[in-house]
Amino acid sequence: MINAQARAVFNQEGPFNLTTIERRELQPHDVLIEIKYAGICHSDIHSARGEWGPVQYPFVPGHEIAGIVAEVGPEVTKYAVGDRVGVGCMVDSCRECANCHKGEEQYCLHGMTGTYGSVDRYGQYTQGGYSTHIVVTEDFVVRIPDGLELDAAAPLLCAGITTYSPLRHWGAAPGNKIAVVGLGGLGHMAVKLAHAMGAEVTVLSQSLKKKEDGLKLGADHYYATSDPETFKELAASFDLIVNTVSAEIDINAYLSLLAVDGTLVNVGAPSEPLPVHVFSLIPHRRSFAGSSIGGIRETQEMLDFCAEHHIAPEIEVIAANQIDEAWARVLASDVRYRFVIDISTMGQE
C-alpha cells in the first residue's frame with residue numbers, strides 16, 4: 001500500500017482533519033499521481049453530508065484533481081513520470097457495456113466508479129483528491145495541455161466537463177441562443193464555453209449583482225430572475241437553457257423561456273425534486289433533460305478546447321487548513337468562482 005496524507009471528515013457535520021489514507025499498490029496499468037491541486041465542488045459537500053446517499057467515514061472528497069505522474073505500472077503506455085495529468089469524477093467503469101464502448105463511461109450500465117464514495121474493482125472504498133497522492137488506471141487519466149496552469153486546470157475536471165458536455169451535445173454554435181441559469185462555479189464556465197463556441201449567451205441570475213462579471217466572462221445579456229418581467233420579456237426565446245444551480249427553482253417558469261424544440265438541461269443537482277407540469281413541455285415540443293459529466297475522450301477534448309481558446313476558471317487558491325471555511329463560503333455563495341486547494345499545504349496545521 002502507498003500512504004498518502006489527506007483531509008477527511010469523520011461525520012456529517014465535519015470538520016476536516018488531517019489523516020493518512022492508503023492507496024493501492026500499482027497494478028500493471030496504474031498511474032501514481034502526486035496531486036498538486038484539487039478543486040472544491042458543491043458535489044463534495046452534498047456527498048460528505050450524506051445528502052445523496054449513505055456515506056462511509058472517514059470520507060475524503062475531491063474529484064477535480066491536477067498533478068504530476070510520480071510512478072507508472074509496468075504495462076502503462078499512455079503516460080510517463082513527470083507528465084501533467086488530471087483525474088475527474090470517475091476512476092473506472094465496467095469498460096464492457098454499450099455505453100463504455102461508445103466512450104460514455106459516465107453512463108456505464110453497471111455504474112461507473114466514482115473518484116470518491118465508491119467501491120472499486122479491488123474492493124476498496126475510493127477516496128478523493130483532498131490528498132497528496134492517488135492511484136488511477138491509465139484509461140481514466142487525462143493529459144493537461146501545456147497551455148493550462150495546473151491550479152486553473154483542476155476545476156475543469158468537473159465544472160468544465162459538466163458544462164462542456166451538454167453544450168456540445170445540444171449543439172452550442174453560432175446562431176443559437178443559450179441561457180445559463182446561475183453564475184457560480186458551473187455557471188461561469190458554461191458562459192465562457194458557450195461564448196467560445198459562438199453562441200449568443202444570456203445569464204439568468206437571481207439578481208444583477210454579478211452582471212458586470214457575467215458580461216466580462218462572455219455573456220451578451222444578463223437578466224434578474226427575481227424580476228417577473230424577465231419571464232415575460234424572454235418567453236419562448238432560447239434554444240438551450242443550462243441550469244447550473246443546485247437549489248430548488250420553479251422549473252416550469254424556466255421551461256416557458258424555451259423556443260420550439262428547445263431543451264432545458266439540468267447539470268445542477270438539488271437534493272429536492274423539481275416538479276414539472278406536462279403542459280410546460282407539450283405546447284412547444286420542449287424537452288427537459290439532465291446531463292452528467294463527460295466520458296474520458298470528451299474530457300480530453302474539453303481540456304484541449306480550453307487550452308486552444310485560453311479558457312480557464314476564475315479561482316481562489318486556498319491552503320488545506322482553510323477547507324472548512326471555504327465550504328461555508330460555497331454554501332453562502334461567497335466565492336468567485338471556484339476554490340482550489342494547494343495540496344503542498346496538506347500537512348500544515
Side-chain angles (χ1 to χ4, degrees), residues 1-7 20-39 60-96 100-101 103 105-106 108 112-158 160-161 293-304 306-307 340-344 346-347:
M1 291 291 184
I2 299 167
N3 288 330
Q5 285 189 309
R7 295 277 172 160
T20 299
I21 60 175
E22 291 184 337
R23 301 296 193 184
R24 67 173 181 266
E25 291 183 4
L26 267 67
Q27 302 302 303
H29 289 279
D30 280 347
V31 175
L32 172 65
I33 300 169
E34 181 183 352
I35 300 174
K36 297 297 185 180
Y37 296 96
V60 179
H63 57 204
E64 297 179 340
I65 299 168
I68 304 293
V69 175
E71 187 179 347
V72 297
E75 297 180 24
V76 169
T77 60
K78 298 180 180 179
Y79 301 101
V81 172
D83 285 351
R84 293 154 37 93
V85 296
V87 176
C89 301
M90 57 183 171
V91 291
D92 207 351
S93 70
C94 82
R95 310 190 215 180
E96 297 176 351
C100 286
H101 281 299
E105 301 94 344
Q106 74 276 29
C108 175
M112 61 87 165
T113 303
T115 305
Y116 57 73
S118 291
V119 177
D120 65 21
R121 65 178 59 212
Y122 304 100
Q124 296 180 2
Y125 188 72
T126 59
Q127 302 282 16
Y130 294 13
S131 57
T132 56
H133 297 81
I134 191 169
V135 175
V136 182
T137 180
E138 64 176 326
D139 289 339
F140 283 77
V141 176
V142 289
R143 190 177 302 277
I144 296 177
D146 290 338
L148 295 172
E149 297 296 331
L150 285 181
D151 55 357
L156 295 177
L157 277 304
C158 178
I161 188 58
I293 51 173
I296 297 301
R297 182 177 59 219
E298 188 175 48
T299 301
Q300 187 65 63
E301 176 188 301
M302 176 273 305
L303 288 169
D304 295 340
C306 288
V340 174
I341 306 163
D342 179 352
I343 300 300
S344 70
M346 183 60 65

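Atoms considered below: every heavy atom in the structure, side chains included; atoms not considered: hydrogens, waters and symmetry mates. Source: prediction; values computed, not measured. One is the number of the first residue; the rest follow in order along the sequence.
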**Student:** Around Q124, counting heavy atoms of other residues, nucleotides and ligands shown, do more than 12 lie under 6.0 Å from its CD?
**Tutor:**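 Counting other residues, nucleotides and ligands, CD of Q124 exceeds 12 neighbours.
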
**Student:** Quick check for you: to the nearest 0.5 Å, what is the distance between Y116 atom OH and I65 atom CD1?
**Tutor:**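 Rounded to the nearest 0.5 Å, the OH-CD1 separation comes to 10.0 Å.
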
**Student:** So for atom CD, which belongs to Q27, do other residues, nucleotides or ligands contribute more than 12 heavy atoms lying within a distance under 6.0 Å?
**Tutor:**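 More than 12 heavy atoms, drawn from other residues, nucleotides or ligands, come within 6.0 Å of this atom.
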
**Student:** For the backbone of T126 and the side chain of S118, can you confirm whether one donor and one acceptor N or O come within less than 3.5 Å of each other?
**Tutor:**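 A pair under 3.5 Å: no.
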
**Student:** Given 3.5 Å as the limit, does a donor-acceptor pair link the side chain of H133 with the main chain of I35, or not?
**Tutor:**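 Checking the backbone N and O of I35 against the side chain of H133, no donor-acceptor pair under 3.5 Å is found.
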
**Student:** If every non-hydrogen atom of K36 is compared with every non-hydrogen atom of I68, which pair is closest and at what distance?
**Tutor:**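 Heavy atoms of K36 and I68 come nearest at CE-CG1, 3.9 Å.
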
**Student:** Out of the candidates D92, I296, I293, T299, only one should pair with E105 under the side chain to side chain contact (heavy atoms under 4.5 Å, CB included) rule; please name it.
**Tutor:**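 Exactly one candidate clears the test, I296.
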
**Student:** Does the side chain of I2 reach to within under 4.5 Å of the side chain of E22, using non-hydrogen atoms?
**Tutor:**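 Not in contact.
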
**Student:** Show your reasoning for whether side-chain contact (heavy atoms from CB on, under 4.5 Å) applies to C108 and M90.
**Tutor:** CA-CA 11 Å; C108 175; M90 57 183 171; over 6 Å; no

**Student:** Got L156 and I144 here, is their nearest side-chain heavy-atom distance under 4.5 Å?
**Tutor:**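 A side-chain contact under 4.5 Å is absent here.
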
**Student:** Distance check, rounded to the nearest 0.5 Å: L157 atom CG versus E64 atom CD?
**Tutor:**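 Answer for the CG-CD pair, L157 versus E64, is 7.0 Å.
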
**Student:** Would you check, one step at a time, whether the test side-chain contact (heavy atoms from CB on, under 4.5 Å) holds for R143 with L303?
**Tutor:** CA-CA 8 Å; R143 190 177 302 277; L303 288 169; over 6 Å; no

**Student:** Can you find a pair of side-chain heavy atoms, one from V135 and one from L32, that are under 4.5 Å apart?
**Tutor:**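 Touching, per the 4.5 Å side-chain cut-off.
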
**Student:** Main chain of A80, side chain of D83: is a donor-acceptor contact present, judged purely on distance under 3.5 Å?
**Tutor:**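 Checked: pair present.
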
**Student:** Going through the checks in order, is the side-chain contact (heavy atoms from CB on, under 4.5 Å) test met by D151 and D342?
**Tutor:** CA-CA 8 Å; D151 55 357; D342 179 352; over 6 Å; no

**Student:** If you take all heavy atoms of A70 and V81, which pair is closest and at what distance?
**Tutor:**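 Looking at all heavy atoms of both residues, the shortest contact is O-CG2, 3.7 Å.
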
**Student:** In sequence, state the C-alpha distance, the side-chain angles, and the governing distance for R95 and R121, and then conclude on side-chain contact (heavy atoms from CB on, under 4.5 Å).
**Tutor:** CA-CA 12 Å; R95 310 190 215 180; R121 65 178 59 212; 3.7 Å; yes

**Student:** Do any N or O atoms from the side chain of Y79 and from the backbone of V141 form a donor-acceptor pair under 3.5 angstrom?
**Tutor:**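 Indeed, once roles are kept as given, a pair shorter than 3.5 Å links the two residues.
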
**Student:** Keeping T115 on the side-chain end and H63 on the backbone end, is there a donor-acceptor pair under 3.5 Å?
**Tutor:**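 Such a contact is absent between T115 side chain and H63 backbone.
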
**Student:** Would you indicate whether the side-chain heavy atoms of Y37 and I341 approach each other to under 4.5 Å?
**Tutor:**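 They are not in side-chain contact.
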
**Student:** Between Q127 and V60, is there a donor-acceptor pair closer than 3.5 Å when you use the side chain of the first and the backbone of the second?
**Tutor:**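 Checking the backbone N and O of V60 against the side chain of Q127, a donor-acceptor pair under 3.5 Å is found.
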
**Student:** Is K78 salt-bridged to D139, cutoff N-O under 4.0 Å?
**Tutor:**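 Judged by the 4.0 Å cut-off on N to carboxylate O distance, K78 and D139 do form a salt bridge.
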
**Student:** When you measure from the side chain of T20 to the backbone of A4, do you find a donor-acceptor pair of N or O atoms at a distance under 3.5 Å?
**Tutor:**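 Side chain of T20 to backbone of A4, a donor-acceptor pair under 3.5 Å: no, none is there.
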
**Student:** How far apart are the closest heavy atoms of C100 and S93, and which atoms are they?
**Tutor:**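 Result for this residue pair: SG-OG, 3.1 Å.
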
**Student:** Indicate the atoms forming the closest heavy-atom contact of G67 with L150, along with that distance.
**Tutor:**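 Smallest heavy-atom distance, with atoms named: O-CD2, 4.2 Å.
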
**Student:** Are any non-hydrogen side-chain atoms of D30 and E138 less than 4.5 angstrom apart?
**Tutor:**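 No, their side chains stay 4.5 Å or more apart.
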
**Student:** Would a distance-only check, ignoring hydrogens and angles, find a side-chain to backbone donor-acceptor pair under 3.5 Å from E75 to H29?
**Tutor:**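 The answer is no, because no donor-acceptor pair under 3.5 Å joins these two groups.
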
**Student:** Going by the side chain to side chain contact (heavy atoms under 4.5 Å, CB included) test, name the single residue among R7, Q5, R23 that passes it with S131.
**Tutor:**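 It is R23; the other options fail the test.
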
**Student:** For Y122, does its backbone N or O pair with a side-chain atom of D120 as donor and acceptor, under 3.5 Å?
**Tutor:**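 Side chain of D120 to backbone of Y122: a pair is present.
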
